[in-house]
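A short worksheet on the structure shown next.
No experiment lies behind these values; they were computed from the predicted model shown. The sequence lines fix the lettering, A, B, ..., with proteins before strands; numbering per chain opens at 1.
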Amino acid sequence: MMQRVLSVIVIGLLAVVFTRIVGAYVQLDALRPLAASYVTLSPESLTTPNVITGILITYRGLDTLGEVAVLFMVAASLGLLLKPLEGQPKPPKAFQRSDPGEIVHSGKQVMFPMILTFGAYVIVNGHLSAGGGFQGGAIVAAGVMLLLIATPETRLNTTLLSIVESTAGILFVLLGILGIVLAGGFLDPRFLPAGELGGFISAGAIPLISALLGIKVGAELSVVIDKFRT
Amino acid sequence: MSELIGSLFIFSGSVFLFSAGLGLLRMPDAFTRIQTGTKATTMGATLVMIGLAIYHPDWIFKLLLIIYFVYVSNPISSHALARSGHRLGTPMAPGPDALAEIDTRSDAAGDKL
């Protein structure tokens, strides 16, 4: 009885709190000053119609570099975490990998190129439409995952992937430093010609940075998926 | 006029999608649920895409690509799910098991189905 009364009181208090929150919500009529400056600056000075890419790759480029570094640390430490313990028994028979069958195999042959093409499309159109390096790289890694599911005997060349990924990372930082030398600051993409707003080759170095990000994320996530197999 | 036709297509697609959701609730076992979830959503997605194509004729190429992707990926993924479910011995609703005979044969032939 006591408990019920207490829960009714708690629910009533929560109702008061949430009604106050809902009541205090005001729909903003205009953008906040920071958002407004991003929205006007992205098309004008970066010549990218995609404000989000402008923010992610230029104004908050250092954060993106940090995210990539976090991903790198995840990939590096996974091997340590997923190493089988000494004397651990093998997994039971029902969970051992078996042949996924002819239909999945044929489907992979149709869909794998499609997924890779779509990933590349998302990466190279990052400065024009929704998407960019991170998203496209994740799509590419999803294609690799399909490959690993459909043909379990595939061996990924993880050494090559690691080298590709590290090279992309180094080039990313180098482009950032070029931004310091030739333009306004770290990861400033305006040292390349700006081009026309909305053109495929435009927005300075943003497509280059986006492509490097895509290569790096795709290679990295593929290595992560491969590590979960063993 | 084209807006009306497009809306009708999108509406009929959503009816199919709704029937898929209803089937998930009403069907007796995992395999029949997979089946409703696949067939009805394939049709529903197609009709919605056709409706969008009537709304925006300049999107037709991309919408065709999406339909093609759905047609390839939807049956294959549900096939893989149902196949692994059957192999693990997921319980079925009472009724004849069409795969029972094939299973015993393939077990004898060395597990190739």
query: When you look at CG of L80(A), are more than 12 heavy atoms from neighbouring residues, nucleotides or ligands closer to it than 6.0 Å?
result: no

- request: Using non-hydrogen atoms and a 4.5 Å limit, figure out which bit of V110(A) sits close to chain B: side chain, backbone, both or neither.
  value: side chain

Atom group of I115(A) that falls short of 4.5 Å from chain B, counting heavy atoms: side chain

- prompt: If you count the non-hydrogen atoms of other residues, nucleotides and ligands that lie under 6.0 Å from CD1 in I52(A), is the total more than 12?
  reply: no

message: Would you say that more than 12 heavy atoms from the other residues, nucleotides or ligands in this model lie under 6.0 Å from the CE of M145(A), or not?
response: no

query: With chain B, which of L146(A), V104(A), I103(A) has the greatest number of heavy-atom pairs at distances under 4.5 Å?
result: I103(A)

task: Taking atom CZ of F112(A) as the centre, report whether more than 12 heavy atoms of other residues, nucleotides or ligands fall under 6.0 Å from it.
output: yes

- request: Evaluate whether atom CZ of F118(A) has more than 12 neighbouring non-hydrogen atoms of other residues, nucleotides or ligands under 6.0 angstrom away.
  value: no

- prompt: So which residues of residues 63-71 of chain A are in contact with chain B at a heavy-atom cut-off of under 4.5 Å?
  reply: none

